[in-house]
Amino acid sequence: MSEAIAEIPPRVPSSGVPVAAPVPDSGLKALTKKELAADHPTWCPGCGDFSVLALYFKLIEKRKLQHDNFVSIAGIGCSSRFPYFVQAHGVHYIHGRALPFATGISLSRPDLHVFVFGGDGDAFSIGGNHFTHTARKNVKLTYVVMDNWVYGLTKKQTSPTSPLGFKSKTDQWGAVDYPINPLKQAIAAGATFVARTTSTNPNHVLAMMEAAMDHDGFSFIECLSECVEFYEGAFDAANPRKGGMFMEIPKNHDTTDEVNAYQLAGADFPGYFGIFYNVNKPTKNAKEADINKAAMEKVKGLKDWQILQKNFDRLR
Ligand SMILES: Cc1ncc(C[n+]2csc(CCOP(=O)(O)OP(=O)(O)O)c2C)c(N)n1
Ligand code: SF4
Ligand SMILES: [Mg+2]
């Protein structure tokens, strides 16, 4: 006879809404980079995305996440191949549609840390609509956009973040369309955590990821990540090792000041790095949990078939 598997109760804080949290004393040993590393990443040697992957492993290890605590979701693109290279639960989903898919996971499994990875095309072209709506709904998840200012996977087309004059297969005489500013876009859309980092500064990437995962709401990180194949040197001006400048957000910046965050986000490239905006606002997760709780209260004590019967009776 098979032994019954003990049910693991969800982590429910006093607010009554289960939230994702590190599991410090699970009794299980922390997952290691060796256990998490899957397959051989198929990125070009030198691609900035390697650094983001390595730091994600570090984050999982440092925060002692177990397989049943987190999930990695992505759309389509070089950067979106991310979940393939993580030996854990994850989905390589449809181009531009990672966020709605991840929203479903976040709402139905609020005990998980939901991480979403993707590129500038995935996030701001085909997925631009979803970016706006996931931000305004304040869904609890962390979205890391590996911004290389180009479509890498499809071999050099202009992306929404490509600067004016960028020569690509779709703009042979140089890009004429004004690029979007991901930080301004996120703040204006209603994201409650907005940060910027660069894959050439590993400690900073890790710090931003940690802060983002601790945020109770939609946390967005723009991570500059060089495409060495189709936009070499794009971020040299932000890399002190290449003669550039890595400027952190002024220490006295009030991260709850939306107007100031917006102004800092508008600085000319290489701009600032760090947390621009960080406010607490009820999440969609918490609001829906409240609605569910109230609905369940009304049918307390009834069996499932009785609840169904009640609904059918109402439809008569
Ligand atoms: C519906 C749909 N349209 C277009 C494509 C082709 N396509 C695949 S990836 C991509 C752009 C990827 O660019 P980005 O998101 O910046 O990722 P990167 O490769 O630069 O990391 C495009 C246009 C697709 N796969 N699906
Ligand atoms: S094409 Fe560019 S973004 Fe894609 S793996 Fe190569 S270097 Fe990275
Ligand atoms: Mg790109």
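Indexing begins at 1, ligand by ligand and atom by atom, following the structure's order.
- Tyr56 and Leu224 end up in different hydrophobic clusters when Ile, Leu, Val, Met, Phe, Trp and Tyr side chains are linked at under 4.5 Å.
- Within the 2.8 Å limit, Asn148 places at least one N, O or S atom next to the Mg ion (ligand 3).
- When the options Gly75, Gly119, Ser162, Cys78 are ranked by their closest heavy atom to atom 18 (P) of ligand 1, first place goes to Cys78.
- If you number the atoms of ligand 2 from 1 as listed, the ones under 4.0 Å from a heavy atom of Asn148 come out as 3 (S).
- Among protein heavy atoms, atom 25 (N) of ligand 1 sits closest to Ile76 CG2, 3.8 Å.
- Because the distance cut-off is set at 2.8 Å, Asp122 fails to qualify as a neighbour of the Mg ion (ligand 3), as none of its N, O or S atoms comes that close.
- Ligand 2 places these atoms under 4.0 Å from at least one heavy atom of Cys78: 1 (S), 3 (S), 4 (Fe), 5 (S).
- Shown in contact with Cys47 at under 4.0 Å from a heavy atom are these atoms of ligand 2, numbered in order with element: 3 (S), 5 (S), 7 (S), 8 (Fe).
- Near Cys44, meaning under 4.0 Å from any of its heavy atoms, are these atoms of ligand 2: 1 (S), 5 (S), 6 (Fe), 7 (S).
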Candidate pair Tyr277 and Leu183, rule side chain to side chain contact (heavy atoms under 4.5 Å, CB included), full reasoning
CA-CA 9 Å; Tyr277 193 54; Leu183 306 164; over 6 Å; no

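- For Val150, the nearest N, O or S atom to the Mg ion (ligand 3) falls under 2.8 Å.
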Just do the side chain to side chain contact (heavy atoms under 4.5 Å, CB included) check on Arg136 and His133 with the steps written out, would you?
CA-CA 5 Å; Arg136 82 175 165 85; His133 294 293; 2.8 Å; yes

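- Leu153 does not count as a contact of ligand 2, since none of its heavy atoms falls under 4.0 Å from the ligand.
- Contacts between Asp122 and ligand 1 below 4.0 angstrom, taking non-hydrogen atoms only, involve backbone and side chain alike.
- The side-chain hydrogen bond (donor to acceptor under 3.5 Å, both in side chains) test with Ser219 singles out one residue from Thr142, Asn278, Thr192, and that residue is Thr142.
- Coordination check, Cys227 versus atom 2 (Fe) of ligand 2: passed, since an N/O/S atom of the residue sits under 2.8 Å.
- Those atoms of ligand 2 that come under 4.0 Å of a heavy atom in Val228, given as number and element, are 7 (S).
- The single protein non-hydrogen atom nearest to atom 1 (C) of ligand 1 is Ile126 CD1, 3.6 Å, given as residue, atom name and distance.
- Contacts of Ile94 with ligand 1, taken as heavy-atom pairs under 4.0 Å, are absent altogether.
- Ring centroid separation for the pair Phe82 and Phe115 does not come in under the 6.0 Å cut-off.
- With respect to the salt-bridge test (charged N to carboxylate O, under 4.0 angstrom), the residues Lys300 and Glu297 qualify.
- In the candidate list Arg81, Arg97, His95, Gln157, His95 is nearest to atom 2 (C) of ligand 1, counting heavy atoms.
- In this structure, His204 has its ring center under 6.0 Å from that of Phe246.
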Using the side chain to side chain contact (heavy atoms under 4.5 Å, CB included) rule, take Thr283 and Asp216 through it: C-alpha gap first, then chi angles, then the decisive distance, then the call.
CA-CA 7 Å; Thr283 58; Asp216 189 17; 3.8 Å; yes

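- With hydrogens left out, the protein atom closest to atom 21 (O) of ligand 1 is Ser79 OG, 2.7 Å, a heavy atom.
- Considering backbone and side-chain atoms together, Asn148 places an N or O closer than 3.5 Å to an N or O of ligand 1.
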Tell me, with the steps shown, if Ile180 and Thr161 meet side chain to side chain contact (heavy atoms under 4.5 Å, CB included).
CA-CA 6 Å; Ile180 66 134; Thr161 52; 4.1 Å; yes

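- Between Leu153 and ligand 1, at least one N/O pair is under 3.5 Å apart.
- For Asp120, the N, O or S atom closest to the Mg ion (ligand 3) goes by the atom name OD1.
- Each of Trp43, Phe85, Phe57 was compared with Phe50 under the ring-ring contact (aromatic ring centres under 6.0 Å, His included) criterion, and only Trp43 meets it.
- Under a 4.0 Å N-O distance rule, the pair Asp313/Arg316 qualifies as a salt bridge.
- Hydrophobic clustering keeps Tyr272 apart from Trp149 (ILVMFWY residues linked when any side-chain heavy atoms are closer than 4.5 Å, directly or through intermediates).
- A salt bridge links Asp214 with Arg63: at least one charged nitrogen is closer than 4.0 Å to a carboxylate oxygen.
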Could you check Tyr84 against Thr42 for side chain to side chain donor-acceptor pair (under 3.5 Å), going step by step and ending with a plain yes or no?
CA-CA 10 Å; Tyr84 276 140; Thr42 48; over 6 Å; no

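- Of all protein heavy atoms, the one closest to atom 14 (P) of ligand 1 is Gly121 N, 3.5 Å.
- Looking only at heavy atoms of the protein, atom 6 (C) of ligand 1 is closest to Thr154 CG2, 3.9 Å.
- Atoms of ligand 1 found under 4.0 Å from any heavy atom of Gly152 (numbered from 1 in listed order, with element): 18 (P), 19 (O), 20 (O).
- Every atom of ligand 2 is numbered from 1 in the order shown, and the set under 4.0 Å from a heavy atom of Phe230 is 1 (S).
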